[in-house]
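Encoded as C-alpha cells, the structure appears first; notes follow it.
Position 1 is the first residue of the sequence; numbering continues from there.
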Amino acid sequence: LLMSNINIHFDTNLKINFNNKDIPQYIPNIFKILNLNPSSQINILFVDNNKIAELNSEFRGILEPTDILSFSPDFSGTYYGTEKNKKINNIDFPKHSDINKILIGDLAISLEYIKNQNENKRIIFDNEIKKLIIHGILHLNGYDHENIKDEKKMTEKQNYILNKI
C-alpha cells in the first residue's frame with residue numbers, strides 16, 4: 001500500500017535496481033516519533049552520482065557527489081561555493097493533488113553513492129537507505145551537523161529513531 005503522501009521517484013538515468021516497497025511502511029513511524037502531522041508529504045528522488053553532484057553544485061556550491069541532499073521549505077543549508085556559476089535544469093517534484101497535505105520537503109538520494117560505499121551488500125544497502133531517510137527527515141525538521149554539539153544531538157536522534165523502527 002503506497003501512501004499518497006510519500007512520493008518516491010527514480011531519475012530516468014538511474015541504472016541501479018532497488019526494491020523500495022518497505023519505505024512507505026517505516027516513514028509514518030518516523031513521522032510519529034518526531035510528532036509530525038501523519039499526513040505530512042515527503043518527496044524522495046533516487047538518482048545517480050552525476051545528478052546528485054549537479055544538485056550539490058547548484059544548491060551548495062560543492063561539485064562532487066554525496067549520499068543525500070535535503071530540500072526544505074523552511075530550513076536552509078549552507079552554500080559553500082563562491083557564486084552560483086551554472087544553472088542546471090531544476091528538478092520539479094510532482095505537485096500533490098491534495099493541497100491539505102503539509103510538505104515537509106524533498107530528499108534526493110544517490111543509490112550509486114551508497115552502492116559504492118557498501119559493495120552491494122543487500123542488507124547494508126537497505127539499512128543505509130533507511131538511515132539516510134531518517135537523516136534527511138531530521139534535516140527537514142531543523143536538525144543539523146555544522147558543529148560538534150549539533151552533530152552529536154542529530155546522531156543520537158538518528159540512532160534512536162533507527163532503533164525504534
### Message
When you measure from the side chain of Asp11 to the backbone of Leu14, do you find a donor-acceptor pair of N or O atoms at a distance under 3.5 Å?
### Response
no

#### Entry: Over all atoms of both residues, closest heavy-atom pair of His9 and Asn7
NE2-CB, 3.6 Å

### Message
side chain to side chain contact (heavy atoms under 4.5 Å, CB included) for Lys131 and Leu162? Distances and angles first, verdict last.
### Response
CA-CA 7 Å; Lys131 265 201 296 216; Leu162 191 61; 3.4 Å; yes

### Query
Are Ile114 and Tyr26 connected in a single hydrophobic cluster, I mean Ile/Leu/Val/Met/Phe/Trp/Tyr linked by side-chain heavy atoms less than 4.5 Å apart?
yes

### Task
Report the distance from atom CD1 of Ile68 to atom CD1 of Ile109, rounding to the nearest 0.5 Å.
4.0 Å

### Message
Would you compute the distance between atom OG of Ser72 and atom CD1 of Ile137 and round it to the nearest 0.5 angstrom?
### Response
12.0 Å

### Query
Leu111 versus Ile129: any side-chain heavy-atom pair under 4.5 Å?
yes

### Task
Show your reasoning for whether side chain to side chain contact (heavy atoms under 4.5 Å, CB included) applies to Leu132 and Leu107.
CA-CA 9 Å; Leu132 286 173; Leu107 301 178; over 6 Å; no

### Query
Can Glu112 and Lys115 be counted as an ion pair, charged N to O under 4.0 angstrom?
no

### side chain to side chain contact (heavy atoms under 4.5 Å, CB included) between Ile42 and Leu140, intermediate numbers included
CA-CA 10 Å; Ile42 187 164; Leu140 298 178; 4.0 Å; yes

### Query
With a 4.5 Å heavy-atom cut-off, do Asn50 and Glu54 have their side chains touching?
no

### Query
With distance as the sole test, does Lys15 use its side chain to make a donor-acceptor pair with the main-chain N or O of Asn13 at under 3.5 Å?
yes

### Query
Got Thr66 and Ser110 here, is their nearest side-chain heavy-atom distance under 4.5 Å?
no

### Query
Do the non-hydrogen side-chain atoms of His135 and His145 ever get within less than 4.5 Å of each other?
yes

### Query
Is Ile6 reachable from Ile104 through a run of I, L, V, M, F, W or Y residues, each pair having side-chain heavy atoms under 4.5 Å apart?
yes

### Task
Mark yes when over 12 heavy atoms from residues, nucleotides or ligands other than Lys130 sit less than 6.0 Å from its NZ; otherwise mark no.
yes

#### Entry: Partner set under salt bridge (Lys or Arg N to Asp or Glu O under 4.0 Å) for Lys152, not counting sequence neighbours
Glu156

### Main-chain N/O of Lys21 paired with Asn19 side-chain donor or acceptor, under 3.5 Å
yes

### Query
Side chains of Ile44 and Asn20: does their closest heavy-atom pair fall under 4.5 Å?
no

### Task
Please work out which of the three classes, parallel, tilted or perpendicular, describes the rings of Phe10 and Phe46, given edges at 30° and 60°.
parallel

### Query
Can you list every ring pair (Phe, Tyr, Trp, His ring centres under 6.0 Å) pair that touches residues 146-165, not counting sequence neighbours?
none

### Query
Can you find a heavy atom in the side chain of Asn56 that is under 4.5 Å from one in the side chain of Leu69?
yes

### Task
Would you indicate whether the side-chain heavy atoms of Ile8 and Pro24 approach each other to under 4.5 Å?
yes

### Task
Taking the side chain as every heavy atom from C-beta outward, state whether Gln158 and Leu138 have any pair of such atoms under 4.5 Å apart.
yes

### Task
Write down the atom of Ala108, the atom of Leu55, and the distance for their closest heavy-atom approach.
CB-CD1, 3.9 Å

### side chain to side chain contact (heavy atoms under 4.5 Å, CB included) between Ile27 and Asn5, intermediate numbers included
CA-CA 10 Å; Ile27 286 185; Asn5 58 323; over 6 Å; no

### Query
Mind checking whether Phe31 and Ile134 sit in one hydrophobic cluster, side chains of I, L, V, M, F, W, Y counted as touching below 4.5 Å?
yes

